[in-house]
Amino acid sequence: MKNIVIAFSGARFEDEPFDEWQYATAYGELAAAITERGHAFFVVRHTVAYLGGSSFEGGWKWQDGKFCEWNQRITADRIFNKSLDFVPDGSIDMVNPLAMNAMCRNKLMLVRRLPSLCPVTRLVSHVDELDAAFVSVQSDLIVVKPLSGSGGDGVFIGTREQARTSLPPYPFLVQEWIDTSQGIPGLVDTHHDFRLLIKNGNVILTFIRSPRTGSLISNVARGGFIIPIPANERPAEALVLVAPVDELLSQHPHRFYTIDCARDRSGTWKIIELNDQPGLMPRMQIGDEADIYLNALCDLLLED
């Protein structure tokens with residue numbers, strides 16, 4: 001039997017992400033799937049419980065269909081890192097170690113490593129560089145975004161004049177806007193992005209994210225909605241993006257991340273960003289491929 005530990009920051013069980021029903025449901029479904037395979041599943045708050053190595057001073061164990069407080073020492077066989085500040089004191093068996101964060105969260109790093117697969121992007125370190133960055137990006141609208149982050153935080157899409165009133169702190173990025181108004185043939189006929197959920201280089205789930213009315217930002221955290229896309233309907237052009245991205249992350253043997261990409265009016269696909277901390281999704285959001293998704297996550301956490 002293995003002890004599978006999922007590590008979050010915070011102190012209380014009901015802290016993020018368990019303060020939202022969809023995440024609480026999703027992690028419970030994963031915990032149930034792991035225990036059905038004969039293993040133990042724990043939630044820990046490393047901020048207050050980490051003892052060093054792979055050990056934690058208590059947490060919450062999935063048993064009898066719920067997470068129950070566990071006051072004994074927990075020694076993990078594998079840790080699923082769901083924190084942006086968990087730095088272990090040695091080499092441990094971890095899914096998504098913090099080292100993955102640089103490539104996934106630093107939006108300029110991805111552009112520099114795979115420039116042909118990303119929108120034109122300019123770093124603006126000082127106000128004197130702003131006008132030149134605006135000129136070098138040719139799209140009608142532009143994207144202004146922080147160097148790092150997720151969930152659409154700090155992202156602005158609009159005209160150059162509008163952008164001047166919505167600048168994040170320096171340094172930040174000015175980026176070409178991908179006009180997705182023509183959609184993806186056969187799947188969506190309006191603005192979108194396309195998310196691929198990747199486990200060790202293999203696509204396990206895909207879905208379209210569309211913005212709420214009046215917005216151009218597709219993040220669910222900003223009011224967007226998702227449509228699961230089954231394997232037999234996945235655009236081949238989007239799948240081509242997986243191999244070069246996964247090669248950049250291949251030094252991490254256990255990796256779980258997303259590629260957010262989009263198709264422009266000419267049919268060209270570009271990578272918008274990567275996310276090394278995608279939130280888990282409950283069955284009701286995934287639909288027919290829920291078992292495939294959960295089995296892939298279980299394999300990731302249990303494989304040798």
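- Using a 4.5 Å heavy-atom cutoff, the side chains of Arg37 and Asp299 are in contact.
- For Arg255 and Glu247, the salt-bridge test fails: no basic side-chain N is under 4.0 Å from an acidic carboxylate O.
- At a threshold of 4.5 Å between side-chain heavy atoms, the hydrophobic network of Ile, Leu, Val, Met, Phe, Trp and Tyr places Val95 and Trp62 in one connected group.
- Side-chain contact check for Lys199 versus Leu297: every heavy-atom pair is 4.5 Å or farther apart.
- Here the two rings, on Phe42 and Trp60, have centers that are 6.0 Å apart or farther.
- From Arg234, atom CZ reaches atom OG1 of Thr206 across 4.0 Å, with rounding to the nearest 0.5 Å.
- Ser166 places no side-chain N or O within donor-acceptor distance of the main-chain N or O of Ala163, the cut-off being under 3.5 Å.
- Crowding of Asp85 atom CG: a count of heavy atoms from other residues, nucleotides or ligands under 6.0 Å exceeding 12.
- Between the side chain of Glu176 and the backbone N or O of Val120 there is at least one donor-acceptor pair closer than 3.5 Å.
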Side chain to side chain contact (heavy atoms under 4.5 Å, CB included), that's the test. Do Asp193 and Cys261 meet it? Break it down for me. CA-CA 6 Å; Asp193 70 26; Cys261 56; over 6 Å; no
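- Within 6.0 Å of the CD atom in Glu16, the count of heavy atoms belonging to other residues, nucleotides or ligands does not exceed 12.
- Side-chain atoms of Asn96 come within 3.5 Å of backbone N or O of Asp276 as a donor-acceptor pair.
- Side-chain contact check for Cys298 versus Leu30: some heavy-atom pair is nearer than 4.5 Å.
- Scanning for side chain to side chain contact (heavy atoms under 4.5 Å, CB included) contacts around Leu167 gives Leu130, Val144, Tyr170, Phe172, with sequence neighbours left out.
- No more than 12 heavy atoms of other residues, nucleotides or ligands shown are found within 6.0 angstrom of CG on Asp140.
- A distance-only check finds no donor-acceptor pair linking the side chain of Ser83 to the backbone of Phe8 [under 3.5 Å].
- Atom CD in Glu273 sits 9.5 Å away from atom CG in Leu110 (nearest 0.5 Å).
- No more than 12 heavy atoms of other residues, nucleotides or ligands shown are found within 6.0 angstrom of CZ on Arg112.
- Counting only heavy atoms from C-beta outward, the side chains of Arg164 and Asp131 approach each other to under 4.5 Å.
- In the hydrophobic clustering of this structure, Ile272 does not group with Ile229; members are Ile, Leu, Val, Met, Phe, Trp, Tyr whose side-chain heavy atoms approach within less than 4.5 Å, directly or through other members.
- Counting only distance, with no hydrogens or angles, the side chain of Glu69 and the backbone of Phe13 share no donor-acceptor pair below 3.5 Å.
- Aromatic ring pairs are classed by plane angle as parallel below 30°, tilted from 30° to 60° and perpendicular above 60°; the pair Phe41 and Phe67 is tilted.
- Using a 30° and 60° split on the angle between ring planes, Phe18 and Tyr27 fall in the tilted class, from 30° to 60°.
- Note that the CZ atom of Arg78 and the CG atom of Leu301 stand 7.0 Å from one another [nearest 0.5 Å].
- Residue Glu57 qualifies as open at atom CD: its count of foreign heavy atoms under 6.0 Å is 12 or below.
- Counting heavy atoms of neighbouring residues, nucleotides and ligands inside a 6.0 Å radius, atom CG of Asp189 does not exceed 12 of them.
- With Arg263 contributing its side chain and Gly183 its backbone, the two residues share a donor-acceptor pair below 3.5 Å.
- At least one donor-acceptor pair closer than 3.5 Å links the side chain of Glu29 to the backbone N or O of Arg283.
- A single hydrophobic cluster is seen to contain both Leu248 and Val203, as judged by linkage of ILVMFWY side chains at heavy-atom distances under 4.5 Å, directly or through other members.
- Looking at Val188 and Ile227, their side chains never come closer than 4.5 Å, going by heavy atoms from C-beta outward.
- In terms of modelled atom types and a separation under 3.5 Å, the side chain of Asn3 and the main chain of Thr75 share a donor-acceptor contact.
- Asp304 has a carboxylate O that lies under 4.0 Å from a charged side-chain N of Lys2, or vice versa, which qualifies the two as a salt bridge.
- Annotation: the span from Ile198 atom CD1 to Phe256 atom CZ amounts to 9.5 Å, rounded to 0.5 Å.
- Linking ILVMFWY residues whenever their side-chain heavy atoms come closer than 4.5 Å, directly or via other members, places Val245 and Met109 in the same cluster.
- His252 and Asn200 share no donor-acceptor pair across their side chains, judged by distance under 3.5 Å alone.
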For ring-ring contact (aromatic ring centres under 6.0 Å, His included), just list the numbers for Phe194 and Phe207, CA-CA rounded to whole Å, side-chain angles, deciding distance to a tenth of an Å, and then say yes or no. CA-CA 6 Å; Phe194 191 76; Phe207 48 94; 8.3 Å; no
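- Within the model, atoms CD1 of Ile178 and OG1 of Thr268 stand 10.0 Å from one another, a figure rounded to the nearest 0.5 Å.
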Test log, rule side chain to side chain contact (heavy atoms under 4.5 Å, CB included), inputs Gln175 and Lys107: CA-CA 11 Å; Gln175 192 171 69; Lys107 303 178 192 307; 6.0 Å; no
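- Residues His39 and Leu302 meet the side-chain proximity criterion, which asks for heavy atoms closer than 4.5 Å.
- Inter-residue side-chain proximity for Trp269 and Pro235 is flagged as met; some heavy-atom pair is nearer than 4.5 Å.
- In the hydrophobic clustering of this structure, Val127 groups with Val137; members are Ile, Leu, Val, Met, Phe, Trp, Tyr whose side-chain heavy atoms approach within less than 4.5 Å, directly or through other members.
- A donor-acceptor contact under 3.5 angstrom links the side chains of Ser266 and Asp264, judged on distance only.
- For Phe134, there are no ring pair (Phe, Tyr, Trp, His ring centres under 6.0 Å) partners, not counting sequence neighbours.
- Residues Asp77 and Asp93 fail the side-chain proximity criterion, which asks for heavy atoms closer than 4.5 Å.
- Rounded to the nearest 0.5 angstrom, Leu141 CG and Ile157 CD1 are separated by 8.0 Å.
- Between the side chain of Arg45 and the main chain of Asp15, a donor-acceptor pair closer than 3.5 Å is present.
- Distance alone, capped at 3.5 Å, is enough to place a donor-acceptor pair between the Thr180 side chain and the His192 backbone.
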